[in-house]
Novice: 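There's a structure below that I have some questions on.
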There are 2 protein chains.
Amino acid sequence: MKHGPDIARIAALIGDPARANILSALMSGKALTASELAGEAGVSASTASSHLGRLLEGGLVKEARQGRHKYFALAGEDVAQVLEVLMGFAAGQGHLRTRTGPKDAQLREARVCYNHLAGSRGIQLYDSLFARDFMELRGDDLFLTEAGQGFVRTLGVDFDQLVKSRAPVCRTCLDWSARRPHLAGSLGRALFKRFEMMGWAYRVRDTRAVQFSSDGLRQFNMAFPVNPGSHG
Amino acid sequence: MKHGPDIARIAALIGDPARANILSALMSGKALTASELAGEAGVSASTASSHLGRLLEGGLVKEARQGRHKYFALAGEDVAQVLEVLMGFAAGQGHLRTRTGPKDAQLREARVCYNHLAGSRGIQLYDSLFARDFMELRGDDLFLTEAGQGFVRTLGVDFDQLVKSRAPVCRTCLDWSARRPHLAGSLGRALFKRFEMMGWAYRVRDTRAVQFSSDGLRQFNMAFPVNPGSHG
DNA sequence: CTAATATTTCGATCTGGATCGAATTGTGCG
DNA sequence: CGCACAATTCGATCCAGATCGAAATATTAG
């Protein structure tokens with residue numbers, strides 16, 4: 001009866017507890033098999049398969065066969081974005097599934113959002129890039145400046161490679177806890193991958209939490225300093 | 001079976017077509033009666049009432065009795081935010097309920113997001129405030145600079161009044177069409193209200209679309225100039 | 001090829017919740 | 001007070017879809 005995008009369709013997909021659990025599990029960015037996801041969601045393999053079929057058709061997840069396993073992952077950052085915002089709202093509603101624990105604080109500090117860094121550290125990264133004129137807005141899109149491109153290269157990011165692929169390099173993703181944008185896009189993913197490779201940070205098993213090593217945090221803070229009050 | 005916020009609960013609320021229509025209708029920012037919403041959703045009064053009860057309990061809408069009518073509105077900007085992002089994703093999925101028409105182009109240009117300006121004009125406003133150093137980031141939050149406070153006063157916004165109320169003055173809302181943040185918060189609301197009062201823009205009946213008058217647009221462009229490539 | 005494991009399909013069941021119309025309650029108007 | 005209209009409650013119906021177990025199918029390992 002109405003105009004506008006069909007939000008009911010996709011909200012209904014997320015609205016089932018089993019599917020929501022599946023999607024939440026995939027927010028870690030790791031691709032998981034159908035049986036693993038069945039376990040996460042607490043349902044039988046057959047029901048999980050049915051749910052995955054639906055999510056697939058709905059464009060929320062994608063599959064990748066690999067050997068005898070079939071791996072599932074979120075279809076893209078758009079999906080992660082939607083889930084982030086939903087989580088942010090649900091959390092704000094005070095309807096946390098489990099009471100707020102120490103794990104939660106860690107998630108606010110640093111976590112992975114599908115494949116890029118989120119949480120306070122993610123925001124720090126985003127702000128720092130702006131503050132140092134490494135990133136800027138042109139029209140409606142984010143771009144790295146010349147200086148910014150040089151900068152990320154010093155961090156070991158193959159920038160030319162990123163540009164070659166058709167995926168957007170810089171993109172905004174809204175933060176779960178702080179309600180502030182942070183850096184997504186292929187650059188966001190590449191940077192986080194570098195942090196992992198350089199041993200600055202690592203993922204906590206079976207969680208979205210990201211743990212910085214003490215030395216890694218120092219290096220991170222040097223690479224992405226914060227100058228309060230000088231956004232731009 | 002999992003950690004993290006209960007997104008299924010709220011997604012399920014949005015996931016019903018009738019409720020989604022109700023929420024979409026409320027995105028116009030206007031408060032509507034139960035019967036009006038029933039009409040929007042295309043269901044009987046009794047079912048609408050039931051849905052509204054659910055939405056109320058779920059914290060997505062709030063009610064305000066006024067005379068013999070009971071007006072419903074979105075519970076807050078958080079809700080509008082969630083709906084915006086969902087719409088953005090659904091639209092990107094190519095699952096528009098109706099094919100993209102002229103109306104749609106107008107929505108991209110300027111529309112109301114709950115109570116503040118969104119679309120290209122909303123982004124222009126947001127960017128311009130940054131470019132002219134009227135708004136800045138301190139830590140995780142947005143603030144108006146001294147100059148910015150003076151500026152909005154020249155537009156007729158009672159800034160002190162905004163600060164007095166406990167609601168956040170500046171807040172980010174992610175844009176539906178352009179995937180870029182724009183200004184929400186009580187300032188976003190106040191500014192849009194001023195645009196209406198000054199006759200710069202008016203809402204198109206029964207739509208979220210915002211139409212600028214030709215003179216109003218000129219004034220708007222003067223007040224919020226765009227300097228491409230100089231974000232900050 | 002055969003065995004083992006992963007995944008999907010099928011058939012059957014069961015239930016939450018969406019829906020409506022009629023009756024009831026609530027509120028303001030005259 | 002009583003009428004008119006708004007809104008909710010109630011009772012009844014009905015169905016999409018969530019679920020499972022078992023059987024069928026795929027895929028790799030040996």
Side-chain angles (χ1 to χ4, degrees), chain A residues 1-2 6-26 30-73 75 95 97, chain B residues 1-2 6-26 30-73 75 95 97:
Chain A
M1 212 99 335
K2 289 291 4 277
D6 186 1
I7 61 175
R9 200 183 64 90
I10 103 111
L13 277 175
I14 309 177
D16 176 78
R19 284 194 293 264
N21 283 334
I22 288 176
L23 292 170
S24 295
L26 291 178
K30 292 202 327 185
L32 299 171
T33 71
S35 0
E36 287 172 319
L37 289 171
E40 283 288 335
V43 295
S44 79
S46 60
T47 53
S49 173
S50 156
H51 284 309
L52 286 169
R54 247 157 213 275
L55 291 173
L56 209 54
E57 192 193 13
L60 295 192
V61 306
K62 62 185 174 190
E63 62 182 348
R65 329 190 64 108
Q66 209 168 96
R68 94 160 95 193
H69 295 277
K70 200 171 190 172
Y71 285 95
F72 291 88
H95 285 278
R97 192 157 319 183
Chain B
M1 210 102 333
K2 288 288 10 273
D6 186 359
I7 61 175
R9 198 182 65 89
I10 102 110
L13 277 175
I14 308 176
D16 176 76
R19 284 195 293 265
N21 282 335
I22 289 176
L23 292 170
S24 296
L26 292 177
K30 293 202 329 186
L32 298 172
T33 70
S35 359
E36 286 172 320
L37 289 170
E40 284 288 335
V43 295
S44 79
S46 59
T47 53
S49 174
S50 156
H51 285 309
L52 286 169
R54 247 157 213 274
L55 291 173
L56 209 55
E57 192 193 13
L60 296 193
V61 306
K62 63 185 173 188
E63 62 182 346
R65 332 191 62 107
Q66 210 170 96
R68 94 162 93 190
H69 295 277
K70 200 169 188 175
Y71 284 95
F72 292 88
H95 286 280
R97 191 158 321 182

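Numbered from 1 within each chain, the chains take letters A, B, ... in sequence-line order. None of the values given here were measured: they were computed from a predicted structure.
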Novice: Between atom OH in A:Tyr71 and atom P in D:dT27, what is the gap in whole Å?
Specialist: 16 Å

Novice: What's the angle between the local helix axes at either end of the helix from C:dC1-D:dG30 to C:dG30-D:dC1, using five pairs per end and rounding to 10 degrees?
Specialist: 30°

Novice: Restricting to non-hydrogen atoms, name the atom on B:Ala18 and the atom on B:Ala41 that form the minimum distance, rounded to 0.1 Å.
Specialist: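 Nearest heavy atoms, B:Ala18 then B:Ala41: O-CB, 3.6 Å.
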
Novice: Are A:Leu26 and A:Leu37 close enough that some pair of their side-chain heavy atoms sits under 4.5 Å apart?
Specialist: yes

Novice: Please answer whether the main-chain N or O of A:Ala45 pairs with a side-chain N or O of A:Ser49 as donor and acceptor at a distance below 3.5 Å.
Specialist: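 Here the side-chain-to-backbone pair does not exist.
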
Novice: If every non-hydrogen atom of A:Ala75 is compared with every non-hydrogen atom of A:Gly59, which pair is closest and at what distance?
Specialist: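 The pair with the smallest heavy-atom distance is CB-O, 3.2 Å.
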
Novice: Once you round it to whole Å, what is the distance between C1' of D:dA6 and CG of B:Leu32?
Specialist: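 Distance check: B:Leu32 CG to D:dA6 C1' gives 15 Å.
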
Novice: Counting just side-chain N and O atoms, does A:His51 come under 4.0 Å of either OP1 or OP2 of D:dT19?
Specialist: yes

Novice: Without decimals, in angstroms, what is the distance between A:Ile14 CD1 and D:dG17 C1'?
Specialist: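 For the pair A:Ile14 CD1 and D:dG17 C1', the rounded distance is 18 Å.
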
Novice: Atom CG of B:Leu37 and atom P of C:dT19: how far apart are they, to the nearest Å?
Specialist: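 Taking CG of B:Leu37 and P of C:dT19, I get 14 Å after rounding.
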
Novice: Check A:Ile22, A:Leu52, A:Leu55 against A:Phe72 for a side chain to side chain contact (heavy atoms under 4.5 Å, CB included) and give me the one that passes.
Specialist: A:Leu52

Novice: Given D:dC20, C:dC20, C:dT19, identify the nucleotide with an atom nearest to the side chain of B:Ser44.
Specialist: C:dC20

Novice: If you check the A:Thr33 side chain, which of C:dT7, D:dT19, D:dC20 turns out closest?
Specialist: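 Ranking C:dT7, D:dT19, D:dC20 by closest atom to the A:Thr33 side chain puts C:dT7 first.
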
Novice: Sequence neighbours excluded, which residues qualify as side-chain hydrogen bond (donor to acceptor under 3.5 Å, both in side chains) partners of B:Ser50?
Specialist: none

Novice: Just the atom pairs and distances: protein N or O near nucleotides 8-11 of chain D's N or O, under 3.5 Å.
Specialist:
{"residue": "D:dT8", "atom": "OP1", "partner": "B:Lys70", "partner atom": "NZ", "Å": "3.4"}
{"residue": "D:dT8", "atom": "OP2", "partner": "B:Ser49", "partner atom": "OG", "Å": "2.8"}
{"residue": "D:dT8", "atom": "O5'", "partner": "B:Ser49", "partner atom": "OG", "Å": "3.2"}

Novice: Can you confirm whether B:Ile10 sits close enough to A:Ile14 that some side-chain heavy atom of one is under 4.5 Å from a side-chain heavy atom of the other?
Specialist: no

Novice: Between D:dA16 atom P and A:Arg9 atom CZ, what is the distance in whole Å?
Specialist: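 Computing the A:Arg9:CZ to D:dA16:P distance gives 18 Å.
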
Novice: Roughly how many Å is it from CG in B:Leu55 to C1' in D:dA7, rounded to a whole number?
Specialist: 16 Å

Novice: Mind calculating the distance between CZ (A:Arg54) and C1' (D:dA18) to the nearest angstrom?
Specialist: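 So the CZ-C1' distance, A:Arg54 to D:dA18, works out to 9 Å.
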
Novice: Minimum heavy-atom separation for B:Glu36 to B:Leu32, with atom names?
Specialist: OE1-CA, 3.4 Å

Novice: With a 3.5 Å distance limit and no angle check, can you tell me whether A:Arg19 reaches the backbone of A:His51 through a side-chain donor-acceptor pair?
Specialist: no

Novice: A:Glu36 CD to C:dA6 C1': how many Å, rounded?
Specialist: 12 Å

